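Below, each value reflects all heavy atoms present in this structure, side chains not excepted, and no hydrogens, waters or symmetry copies. Not measured: the values here are computed from a predicted model. Nothing fancy with the numbering, it's 1 onward along the sequence.
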Amino acid sequence: MVTGELQEDPRIHADFDWADLPEYVEKYARRRAPAIADVLARHPQPHRSLYPDFEAHFTALFEAGEKLCRAVDATVAFDIVGPGGGFWLVDFRSLRVREGSASQEDAHDYRFTLQSRFLPAIIDGDMSWEEFFFSFRFNAWRPGIAAYNEELMSVLRCSAPDDLAEYLNQLDSARDREPGTFRLETATGAFIVPDT
């Protein structure tokens, strides 16, 4: 029966004690080691510079969605750590990609740090930036918590030029249609809500 009140299940903590956390983490790490090794085996270390492919990847995105890319209005640093990597700057204002020298010396508005072994799958189209971000195998920096850049994340979410072009077509179609509404019924009443 639904009561609307939170009822904690005592079985949740029956086999767990915070004092056992170090042992639990160690056992968990051993259990997960084969899966981690499998992921790393699927993404071997590169044996050549990834910069030319990285530059071509973003150049293709600029061509597919120039207006959205310019709306990013930021320089984004990609600190690619490991063989074939480097410190690369994607300037969405000028639509240029260039090699940088170091994170402290090159001005940028956002930064992503990732292992070079994962970049080929992204730029080859086997994995989107969005899929990669969901893996949590990266570090990100932005100047403040309120500095979220929706346009940047939209470009990266699409990853492939065709996907970006399709996304922009869908946005244009949505702008062209007449806005509608839907009825939202709640315990306190019914509301007519715009669907945009």
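Annotation: the span from I80 atom CD1 to R117 atom CZ amounts to 14.0 Å, rounded to 0.5 Å. In this structure, R70 CZ and D91 CG are separated by 9.5 Å, a value rounded to the nearest 0.5 Å. Interatomic distance, S135 OG to M127 CE, rounded to the nearest 0.5 Å: 6.5 Å. For the atom pair CG (D163) and CD (E130), the distance works out to 10.5 Å, reported to the nearest 0.5 Å. Within the model, atoms CG of D38 and CZ of R32 stand 10.0 Å from one another, a figure rounded to the nearest 0.5 Å. Between atom CG of residue L89 and atom CZ of residue R111 there is a gap of 10.5 Å, rounded to the nearest 0.5 Å.
Ring geometry for H57 versus W129: interplanar angle of 30 to 60°, hence tilted. Between F58 and F62, the ring planes are tilted. Angles from 30° to 60° get that label. Between Y28 and Y24, the ring-plane angle classifies as parallel under the 30° and 60° cut-offs.
Under the side chain to side chain contact (heavy atoms under 4.5 Å, CB included) rule, L68 has a single partner from L152, L168, L61, which is L168.
In the hydrophobic clustering of ILVMFWY residues, with side-chain heavy atoms under 4.5 Å counting as a link, F134 and I36 come out apart. Transitive grouping of hydrophobic side chains (ILVMFWY, heavy atoms separated by less than 4.5 Å) brings Y148 and F133 into a common cluster. Hydrophobic clustering, with ILVMFWY side chains joined whenever heavy atoms are under 4.5 angstrom apart, groups L119 together with L40.
Put simply, the side chain of S154 reaches to within 4.5 Å of the side chain of Y167, judged on heavy atoms. For the pair L50/P120, a side-chain contact is recorded, criterion being any heavy-atom separation below 4.5 Å from C-beta on. Side-chain contact between R48 and D53 is present, with heavy atoms from C-beta onward closer than 4.5 Å. Two residues are said to be in side-chain contact when any heavy atoms from C-beta on lie closer than 4.5 Å; R98 and D106 meet this criterion. Residues V25 and P22 form no side-chain contact, since every pair of their non-hydrogen atoms from C-beta on lies 4.5 Å or further apart. Residues F92 and T75 have side chains not in contact (no heavy-atom distance under 4.5 Å, counting atoms from C-beta outward). Within the 4.5 Å cutoff, the side chain of V81 has heavy atoms near those of the D79 side chain.
Put simply, the side chain of R183 never gets that close to the backbone of I192: no donor and acceptor are under 3.5 Å apart. With hydrogens and angles disregarded, no donor-acceptor distance shorter than 3.5 Å links the side chain of S116 to the backbone of G84. Put simply, the side chain of D124 never gets that close to the backbone of D126: no donor and acceptor are under 3.5 Å apart.
Contacts of D73 classified as side-chain hydrogen bond (donor to acceptor under 3.5 Å, both in side chains), with partners at least two apart in sequence or in another chain: R93. Under the side-chain hydrogen bond (donor to acceptor under 3.5 Å, both in side chains) criterion, Q45 pairs with no residue, sequence neighbours left out.
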### Query
When you look at E150 and R157, which way does the salt bridge (charged side-chain N to carboxylate O under 4.0 Å, His left out) test go after all the steps?
CA-CA 10 Å; E150 178 61 36; R157 190 176 301 122; 3.5 Å; yes
### Query
Run the side chain to side chain contact (heavy atoms under 4.5 Å, CB included) check on H108 and F87 step by step: do they pass?
CA-CA 11 Å; H108 55 276; F87 189 81; 4.0 Å; yes
#### Entry: Candidate pair D109 and V76, rule side chain to side chain contact (heavy atoms under 4.5 Å, CB included), full reasoning
CA-CA 6 Å; D109 304 291; V76 182; over 6 Å; no
### Query
Would R137 and V39 count as a side chain to side chain contact (heavy atoms under 4.5 Å, CB included) if you check the C-alpha gap in whole Å, the side-chain angles of each, and the deciding distance to 0.1 Å?
CA-CA 11 Å; R137 294 186 178 102; V39 168; 3.4 Å; yes
### Query
What's the verdict on side chain to side chain contact (heavy atoms under 4.5 Å, CB included) for F54 and V90, showing C-alpha distance, side-chain angles and the deciding distance?
CA-CA 10 Å; F54 178 85; V90 179; 3.8 Å; yes
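Pairing each heavy atom of Y51 with each of E99, the nearest pair is CE1-CG, 3.4 Å. Nearest approach of P161 to A64, heavy atoms of both residues: O-CB, 3.5 Å. In this structure, T3 and Q7 approach most closely via the heavy-atom pair OG1-NE2, 3.9 Å.
The number of heavy atoms from other shown groups lying within 6.0 Å of CZ (R11) does not exceed 12.
When ring centroids are compared, F78 and W88 stay outside the 6.0 Å threshold.
Between K27 and D20 there is no salt bridge, since no side-chain nitrogen of the basic residue lies less than 4.0 Å from a carboxylate oxygen of the acidic one.
Here F191 is tied into one hydrophobic group with F182, L184, V193, each link being a pair of ILVMFWY side chains closer than 4.5 Å.
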